[in-house]
Amino acid sequence: MGPVRAGLLAALLAGLVLPAAGALTPEEWASLQTARLSSSLDRDPGAAIAVYEALLEHQDATEPGRGEVLYWLARALAEDGRDEEAVRVMEQAARVPDAREQARSWQGLFEISRNPVRALPYAEGFEKNLGHVVRGWPRGMAGDLGIDRENPRKPFLRWRTTVQDGEEDWLALGLAEGASQLGRVRVRARSTAFESWLQITLLVDDGGAWSTPAIQVPADAWRDINVDLDDFFPADPAAAVSAGRPGRIQRVLVREVTAFYARSRGQHAVHLDELELLPR
């Protein structure tokens with residue numbers, strides 16, 4: 001790093017507001033910030049990785065601030081093209097309470113970018129794996145999703161979630177350019193323990209969102225959900241006037257919104273099967 005860049009780095013460090021400094025020693029926090037700035041200013045993730053790994057070597061596994069170091073190490077590994085290592089390290093960060101929210105958000109966005117639906121029509125019966133379905137963030141963990149094989153001839157997706165006051169939960173599928181002209185969504189759903197209320201939401205390239213009305217899903221009985229573009233309304237009513245219907249769709253969300261439509265609270269599971277995304 002040249003003297004001009006070194007001076008810029010020092011100035012930036014001097015001017016940083018460090019709200020979590022109490023979680024690390026001053027020396028550790030300075031090293032963390034140096035690594036972050038090294039990666040962003042010099043585009044040198046290798047130098048950042050070396051600093052983060054050195055920090056972790058002398059940190060106890062329960063030491064405050066460790067989650068943030070793991071988070072930034074995973075980010076640097078991904079920037080360095082070491083995706084599988086990045087995923088493993090970010091899983092560790094997601095298990096640390098003070099880093100969980102930002103780590104889970106990164107995990108979800110990263111997985112969507114790596115595994116979008118690339119063409120329509122798309123059909124998923126969950127016979128082998130989760131397909132392109134990604135666990136929503138930051139509340140849930142990837143382990144909340146699984147394939148239930150209670151009937152070996154007809155497996156389905158099991159989504160464990162918890163209904164809490166004023167909160168929703170969700171799953172997502174990313175759509176690549178070749179799958180963005182979505183026209184219809186079909187899926188079979190059922191709930192356990194108590195009935196659920198679901199919404200299908202489309203996120204579009206202008207930042208807008210379009211949703212169906214809430215759909216009641218019974219406990220222990222399958223319901224066929226079949227919605228096309230005419231069934232969606234915009235989150236911003238002005239979008240209906242300007243666009244008429246969604247533009248290029250980037251993500252499909254299956255949202256669990258029971259907390260806003262029923263009194264049931266607590267842990268339960270939503271089962272999904274025979275998911276289809278059909279073109280316009």
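Cluster membership check: Leu203 does not share its hydrophobic cluster with Leu277, using side-chain heavy-atom separations under 4.5 Å among Ile, Leu, Val, Met, Phe, Trp and Tyr. There is a path of hydrophobic side-chain contacts, each under 4.5 Å, that joins Ile249 to Leu120. Hydrophobic clustering of Ile, Leu, Val, Met, Phe, Trp and Tyr side chains at less than 4.5 Å, counting indirect connections, unites Ile215 with Leu202. Taking hydrophobic clusters as Ile, Leu, Val, Met, Phe, Trp and Tyr residues chained together by side-chain heavy-atom distances below 4.5 Å, Val133 shares a cluster with Val254. Placement of Val87 and Leu56 within a single hydrophobic cluster is found when ILVMFWY residues are connected by side-chain heavy-atom separations under 4.5 Å, directly or transitively.
A salt bridge is defined here as a Lys NZ or Arg NE, NH1 or NH2 lying under 4.0 Å from an Asp or Glu carboxylate O, and Lys154 with Glu274 meets this definition. Using a cut-off of 4.0 Å between Lys/Arg side-chain N and Asp/Glu carboxylate O, Asp224 and Arg186 are scored as not salt-bridged.
Annotation: Trp106 is not in aromatic contact with Trp137 [ring centroid separation under 6.0 Å not met]. Ring to ring, Tyr261 and Trp197 are close: their centroids are under 6.0 angstrom apart.
Considering CZ of Arg153 and CD of Glu127, their distance stands at 13.5 Å, rounded to 0.5 Å. The line from NE2 of His132 to CZ of Arg118 is 8.0 Å long, rounded to the nearest 0.5 Å. In this structure, the separation between OG1 on Thr201 and CG on Leu198 is 10.5 Å, given to the nearest 0.5 Å. Residue Tyr71 holds its OH atom at 8.0 Å from OG of Ser105, rounded to the nearest 0.5 Å. Rounded to the nearest 0.5 Å, atoms CZ (Phe194) and CD (Gln267) are 9.5 Å apart.
Counting all heavy atoms, side chain and backbone alike, Glu195 lies closest to Thr258 at O-CG2, 4.0 Å. Among all heavy-atom pairs drawn from Ala78 and Ala86, the shortest one is N-CB, 3.6 Å. In this structure, Ala176 and Pro116 approach most closely via the heavy-atom pair N-CB, 3.9 Å. The nearest pair of heavy atoms linking Ser211 to Arg255 is OG-NH1, 3.3 Å. Heavy atoms only, all atoms of each residue included: Asp98 and Gly67 are closest at OD1-CA, 3.9 Å. The heavy-atom pair separating Arg223 from Pro218 by the smallest distance is CB-CD, 4.0 Å.
At distances below 3.5 Å, at least one donor-acceptor pair connects side-chain atoms of Asn115 with backbone N or O atoms of Gly131. Checked by atom type and distance alone, the side chain of Thr212 pairs as donor or acceptor with a backbone atom of Ile200 at under 3.5 Å. In this structure, Arg280 contributes its side chain and Leu182 its backbone to a donor-acceptor pair below 3.5 Å. Checked by atom type and distance alone, the side chain of Asp231 pairs as donor or acceptor with a backbone atom of Asp228 at under 3.5 Å. With Glu111 contributing its side chain and Val134 its backbone, the two residues share no donor-acceptor pair below 3.5 Å. With hydrogens and angles disregarded, no donor-acceptor distance shorter than 3.5 Å links the side chain of Arg104 to the backbone of Ala94. Judged by distance alone, the side chain of Thr192 and the main-chain N or O of Ala269 form a donor-acceptor pair under 3.5 Å. Side-chain atoms of His271 never come within 3.5 Å of backbone atoms of Ala189 as a donor-acceptor pair (strictly under, hydrogens ignored).
Shown are Arg158, Arg135, Arg139; of these, the salt bridge (charged side-chain N to carboxylate O under 4.0 Å, His left out) with Asp144 is made only by Arg135.
Side chains of Leu130 and Leu157 form a contact here, defined as non-hydrogen atoms less than 4.5 Å apart. Two residues are said to be in side-chain contact when any heavy atoms from C-beta on lie closer than 4.5 Å; Leu171 and Leu253 fail this criterion.
Identified under the side-chain hydrogen bond (donor to acceptor under 3.5 Å, both in side chains) test for residues 81-90, with sequence neighbours left out: Arg82-Glu85, Glu84-Arg114.
Residue-environment remark: CD (Gln216) exceeds the threshold of 12 foreign heavy atoms within 6.0 Å.
Geometric assessment of Arg190 against the ring of Phe156 yields a positive cation-pi assignment under the 6.0 Å and 45° thresholds. Remark: Arg188 is positioned above the aromatic ring of Trp222, its terminal NZ or CZ atom under 6.0 angstrom from the ring centre and at most 45 degrees off the axis.
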Verdict with supporting geometry, His268 and Ser191, side-chain hydrogen bond (donor to acceptor under 3.5 Å, both in side chains): CA-CA 8 Å; His268 75 131; Ser191 185; 3.2 Å; yes

